[in-house]
Amino acid sequence: MCSYIVEKAALTGSAKGRGWMKIDTAHVYYDHPFHAPLDHALGIDFINAANGGRERVAIEISADSARELVRAILSALESGEQEHAAAAAAQTACAAEASVG
Amino acid sequence: MSYRAIEGETISFRGHDGFQSEAYFSRPLKAGRVPGVVVIHHMPGWDEWTTEVVRKFAHHGYAAMAPNLFVRFGPGEPDDVAARARPAGGAYDAEVMGDVAACIAHLRVLPDANGKIGVIGFCSGGRHTFLAACTVPGIDAAVDCWGGRVIVDDPKDFSPQRAVAPIVHIAKLACPLLGIFGNDDKNPNPDQVNRTEQELKRHGKTFEFHRYDGAGHSFFDHGRPAYRPEQCADAWQKVFAFFGKHLAASSQSAAA
């Protein structure tokens, strides 16, 4: 159905479409897609609202794909943060050893 | 009667409140005097499918015009403009009705106009069509294709852009109305379609409603899984029969 329901997420980062751009907002919705051959799709528009929001990097994916993407994002964050935390701890321990030695 | 020789282009026109607007326009060449049809696009915007519908009407002997209802959200590709319109809540009903009225005025003065005007809309454009048929003068026949929220059951569906349910204007409906619906649709659902029909009967309006089993929302759209070829083909025949009956040069508006 045609709806105007949009979830907004504040972001810090960049996105690449025709070129890299700073982004600060994601508009997330579930409705008729423009391009994907689906009846309904999860759409995300990454924009820089502070800069007028005229350019966007967009995706339209199926509901199952969206859930898989959410799972992958959370999994990547969890394993990535663990990895970086371990590396940071090792670096701190190394620095402490060096200062003692 | 079909016309293979047609023209199609984007044209400028003054829309609601004189706003410099644009529309996709197509008409048959060498067809003599023809009726005009305003095509109202759906929420995904002024897309390629909408231009296909406009050319389909030209092929069948109509001068057709689809205004870009999101023109006030700035320039750009239709999908990017629709992406700006969505979080802003879309176009205001008053803007859409003003743009439709301006399209009617444009079509009516074309050199080959026969003086009859139809309006057709899809999805949110179906709702706009119902509203136009009740509130915009000069419409001789209207086709609502699965317009949702003609009847509003959830108050959350009201917004500044769409502050009123079109059904409240039903007493003012001044032209014959054709409704095309899929029985698997959830917006409008079959109960809402039935209640709209009951109101049309209660007010003594001229209308035809056609409901299709095995079809849901947007079953004309050949680019989506919702496409139902048999139901779509039958419904297009109903549309052209309806406009053929009510928009021929000699037909009279059947205002109730």
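Lettering of chains follows the sequences in order, A, B, ..., and the numbering in each one begins at 1. FYI, side chains are in, hydrogens and waters are out, and symmetry mates aren't considered; it's all heavy atoms of this structure.
Residues A:His35 and B:Asp79 are not in side-chain contact: their nearest non-hydrogen atoms beyond the backbone lie 4.5 Å or more apart. A 4.5 Å side-chain heavy-atom check between B:Pro78 and A:Phe34 finds at least one atom pair inside the cut-off. Put simply, the side chain of A:Tyr4 does not reach to within 4.5 Å of the side chain of B:Gln161, judged on heavy atoms.
Around CD of A:Glu83, the count of heavy atoms belonging to other residues, nucleotides or ligands within 6.0 Å does not exceed 12. Counted within 6.0 Å of CD on B:Gln20, heavy atoms from surrounding residues, nucleotides or ligands total more than 12; the atom is thus considered enclosed. For B:His210, the NE2 atom sits in a packed shell: over 12 heavy atoms of surrounding residues, nucleotides or ligands are nearer than 6.0 Å. More than 12 non-hydrogen atoms from other residues, nucleotides or ligands lie less than 6.0 angstrom from CD of B:Glu52.
In terms of heavy-atom pairs under 4.5 Å with chain A, the best-connected choice from B:Ala85, B:Gly90, B:Ala88 is B:Gly90. Ranking B:Ala83, B:Gly223, B:Gly148 against chain A, the residue ahead of the rest is B:Ala83, based on heavy-atom pairs under 4.5 Å. In terms of non-hydrogen atom pairs under 4.5 Å with chain B, the most contact-rich of A:Val6, A:Ile5, A:Ile47 is A:Val6.
B:Arg224 places a side-chain N or O within donor-acceptor distance of the main-chain N or O of A:Pro33, the cut-off being under 3.5 Å.
Contacts between B:Arg86 and chain A at a heavy-atom distance below 4.5 Å involve backbone atoms as well as side-chain atoms. Interface remark: B:Arg127 contributes no atoms to any contact with chain A (heavy atom separation under 4.5 Å). For B:Ser218, the part sitting under 4.5 Å from any heavy atom of chain A is the side chain, from C-beta outward, and nothing else. For B:Pro75, the parts lying under 4.5 angstrom from a heavy atom of chain A are both the backbone and the side chain. Looking at A:Ala36, the atoms closer than 4.5 Å to chain B (heavy atoms on both sides) all sit in the backbone: N, CA, C or O.
Here the shortest heavy-atom pairing between A:Asp39 and B:Ala226 reads OD1-N, 2.7 Å. Closest of all the heavy-atom pairs between A:Pro37 and B:Pro225 is O-CD, 3.4 Å. Closest heavy-atom contact between B:Arg84 and A:Gly53: CG-O, 4.3 Å.
A cation-pi contact, defined as under 6.0 Å to the ring centre and within 45° of the axis, is absent between A:Arg54 and B:Phe73.
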